[in-house]
Protein chains: 2
Amino acid sequence: MHTPYHHGDLPNALRRAAEEVITEKGLGNFSLREVARRAGVSHAAPCHHFGDVRGLLTSLATEGFEVLCRVTSEAASRETDPSERLVAIGEAYVALAAQYPAHCQVMFRVDVVDQSDQRLMDAGLRAYGVLRDTVADLISSENLKVDLDNTTNLCWSAMQGLVELQPKLDHLDELLGRPAVDTRERIRRFTELILNGVRSHV
Amino acid sequence: MHTPYHHGDLPNALRRAAEEVITEKGLGNFSLREVARRAGVSHAAPCHHFGDVRGLLTSLATEGFEVLCRVTSEAASRETDPSERLVAIGEAYVALAAQYPAHCQVMFRVDVVDQSDQRLMDAGLRAYGVLRDTVADLISSENLKVDLDNTTNLCWSAMQGLVELQPKLDHLDELLGRPAVDTRERIRRFTELILNGVRSHV
DNA sequence: CTGTTAACTTGCCGATGTCAAGTTGTCACT
DNA sequence: AGTGACAACTTGACATCGGCAAGTTAACAG
């Protein structure tokens with residue numbers, strides 16, 4: 001049995017600590033040394049495993065895409081109707097954003113992540129594939145005349161934009177004196193509009 | 001005539017320098033001291049005017065929303081048909097993202113900007129209002145049965161998501177062996193899909 | 001028991017953000 | 001014109017940061 005030094009799996013412990021720090025203090029106040037402190041190791045230990053602060057964050061982003069891939073797959077497999085699957089994927093996506101805020105803050109941040117990392121790219125592609133496959137099913141099952149990639153991209157962009165603008169939208173509702181809208185409800189309404197769009201396409 | 005110290009308007013010179021640094025080195029490698037260096041002032045001068053690194057970036061973000069408000073208004077005023085106006089606003093938005101990348105990197109970044117800043121909030125609201133007014137015109141002119149705020153939010157989310165995912169989408173096209181798609185073209189296709197959606201809503 | 005290698009630690013460097021205290025222009029008022 | 005007040009900076013200091021280099025310790029193979 002391996003019991004190397006302090007942890008059984010320091011890389012993972014460092015990811016957990018990083019997640020904690022980002023969730024608490026935000027990505028702007030993120031520091032490698034604080035991560036090391038929380039994991040109970042020296043300040044240079046993270047660099048040994050991840051080489052770089054980018055390396056650690058890239059690893060966290062990769063983990064995020066893997067989780068995204070898993071939860072969207074599971075959500076999709078619970079529904080049989082393709083359009084319901086699309087809604088389920090959207091809901092799973094925003095649920096992930098709520099449950100793993102740290103990961104989501106990192107996953108699409110081109111400037112803090114190593115875009116040339118192979119594992120990150122693979123995980124991202126697999127997650128994209130889940131959405132794309134569902135849209136493909138929807139198109140073929142209803143014999144729609146829309147472009148697969150274009151529609152997939154619109155769905156993804158709308159979800160991504162929603163996740164990012166969420167606090168701003170909530171604040172707007174408040175300012176405009178509108179009743180608060182749940183994010184799940186927002187996703188459902190978005191999907192409804194988009195579905196109408198692709199269905200009426202000629 | 002005012003000629004205080006070195007510059008006629010140091011706050012603005014600092015914003016320009018900040019824009020330059022962010023565009024060149026990215027927000028991750030942004031540093032107040034480098035901004036001061038480029039503006040030819042001491043390292044603490046920025047803090048005097050903006051109090052904080054957040055203050056400077058918040059000011060930049062506010063400027064970004066003001067420009068966004070201006071260019072979308074102008075773009076909208078050049079078209080008479082509401083649906084064409086919507087497309088024009090989208091195109092103006094992505095054009096802004098291309099022309100002022102530094103501003104756009106900052107405008108929606110909750111973690112680096114002071115969300116409680118009044119001027120920032122005002123500018124953001126005005127920019128949102130341009131889009132909302134256009135959607136309202138569209139709804140009333142075609143007598144559509146969709147919710148104004150919901151539709152506005154979908155448009156904004158899709159645009160916002162597109163701006164953020166743009167590099168990833170381009171990379172995906174490359175990986176999947178698809179021909180490259182211009183971002184203006186993406187916006188046009190998105191708008192088309194969304195328009196179909198709102199028009200066929202019952 | 002010894003050698004090798006991976007998993008860390010310790011120490012150091014230049015750079016950064018921010019605070020406190022000085023310094024220097026500028027303008028209002030007499 | 002002279003004087004005070006005030007704004008616009010500068011200078012200096014401090015804790016902290018990321019990353020590198022060199023040392024130290026643990027585990028395992030032979």
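Heavy atoms only: backbone and side chains are in, while hydrogens, waters and symmetry mates are out. Source: prediction; values computed, not measured. By convention in this document, chain letters (A, B, ...) are assigned in the order of the sequence lines, proteins followed by strands, and residues within each chain are numbered from 1.
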Q: With the side chain counted from C-beta on, respond yes when Glu34(B) and Arg37(B) share a heavy-atom pair under 4.5 Å apart, and no when they do not.
A: yes
Q) Quick one: are Thr58(A) and Phe50(A) in side-chain contact, heavy atoms under 4.5 Å? A) no
Q: Using a heavy-atom cut-off of under 4.0 Å over every strand shown, decide if Arg54(A) touches base, sugar-phosphate, or nothing.
A: nothing
Q) NA contact type, His49(A), heavy-atom cut-off 4.0 Å: base, sugar-phosphate, or nothing? A) sugar-phosphate
With respect to the side chain of [X], which nucleotide from [options] is positioned closest?
{"X": "Ala44(A)", "options": "dT18(C), dT10(C), dC8(C)", "answer": "dT10(C)"}
{"X": "Ser31(B)", "options": "dT16(C), dA21(D), dG18(D)", "answer": "dT16(C)"}
{"X": "Asp52(A)", "options": "dT10(D), dG18(D), dT18(C)", "answer": "dG18(D)"}
{"X": "Leu10(A)", "options": "dG12(D), dC8(C), dG19(D)", "answer": "dC8(C)"}
{"X": "Arg37(B)", "options": "dT16(C), dC17(D), dC9(D)", "answer": "dT16(C)"}

Take atom [atom1] of [X] and atom [atom2] of [N], then tell me their distance rounded to the nearest Å.
{"X": "Leu32(A)", "N": "dT16(D)", "atom1": "CG", "atom2": "P", "answer": "16 Å"}
{"X": "His43(B)", "N": "dG14(C)", "atom1": "NE2", "atom2": "P", "answer": "17 Å"}
{"X": "His48(B)", "N": "dT10(D)", "atom1": "NE2", "atom2": "C1'", "answer": "11 Å"}
{"X": "Lys25(A)", "N": "dT16(D)", "atom1": "NZ", "atom2": "C1'", "answer": "11 Å"}
{"X": "Leu56(A)", "N": "dG18(D)", "atom1": "CG", "atom2": "C1'", "answer": "13 Å"}
{"X": "Arg33(A)", "N": "dG11(C)", "atom1": "CZ", "atom2": "P", "answer": "13 Å"}
{"X": "Glu34(B)", "N": "dA15(C)", "atom1": "CD", "atom2": "P", "answer": "11 Å"}
{"X": "Phe30(A)", "N": "dT16(C)", "atom1": "CZ", "atom2": "C1'", "answer": "17 Å"}

Give a yes or no on whether a salt bridge exists between [X] and [Y], defined as a side-chain N under 4.0 angstrom from a carboxylate O.
{"X": "Arg184(A)", "Y": "Glu91(A)", "result": "yes"}
{"X": "Arg16(B)", "Y": "Glu19(B)", "result": "yes"}
{"X": "Arg186(B)", "Y": "Asp170(B)", "result": "yes"}

